[in-house]
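Start at 1 and go down the list; that is how both ligands and their atoms are numbered.
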Amino acid sequence: MTEKLSDAERDGELKELLSNGWSMVEDRDAIAKTFEFKNFVEAFGFMSRCALHAEKLDHHPEWFNVFKTVKVTLSTHDVGGLSPLDVKLAKKMDALA
Ligand code: HBI
C-alpha cells in the first residue's frame, strides 16, 4: 500500500525536485512543472515516452498539452497527496525531457 511522503522525504528528494523546476500546487499536496519543447512532435514524443514509464509504474500524471508545452501535475490519488511514486515519476520525467 502506497504511503504519503514522509517529512524526511519532503526535506530530501522533494526539495531537490523543487529546486529543479517543480513547484508545489496551490491548495493541493501535489507538484507541477511546465515542460517546453521545440514543437508539438517533440512535446508529444515526450508524452509518449512518459506514458510507457507511467504504465510500468502504474502511476499516471495529470497533464495538459497545447502545441509545444506540456504542463504536468503529480499527486497520488489513492493517498490524497504526494507519495514516493510522484517523486519517482517526476525524476523519470525530468530524465525523459
Ligand atoms: N496514478 N497519479 C496516480 N495516482 C494513483 O493513485 C494511481 C495512479 N495510477 C494507477 C493507480 N493509482 C492504481 O493503483 C489504482 O487505480 C488501482
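- Pairing each heavy atom of Arg49 with each of Leu96, the nearest pair is NH2-O, 2.8 Å.
- Here the closest non-hydrogen pair linking Leu82 and Leu74 is CD2-O, 3.5 Å.
- Distance check for atom 4 (N) of ligand 1: a protein heavy atom is found below 4.0 Å.
- Considering backbone and side-chain N/O of Asp58, one or more are found under 3.5 Å from N/O of ligand 1.
- Scored by the salt bridge (charged side-chain N to carboxylate O under 4.0 Å, His left out) test, Lys33 finds Asp94 as partners (sequence neighbours excluded).
- Evaluated by nearest non-hydrogen atom to atom 15 (C) of ligand 1, the leading choice among Asp78, Leu89, Leu85 is Asp78.
- Taking every non-hydrogen atom of Thr76 and a distance limit under 4.0 Å, the qualifying atoms of ligand 1 come out as 4 (N), 6 (O).
- In this structure Phe46 satisfies the ring pair (Phe, Tyr, Trp, His ring centres under 6.0 Å) test together with Phe35, Phe37, sequence neighbours excluded.
- Residue Ser75 has at least one N or O atom closer than 3.5 Å to an N or O atom of ligand 1.
- Nearest protein heavy-atom neighbour of atom 1 (N) of ligand 1: His60 N, 3.0 Å.
- Dense packing is recorded around CD of Glu36, with more than 12 heavy atoms of other residues, nucleotides or ligands lying under 6.0 Å away.
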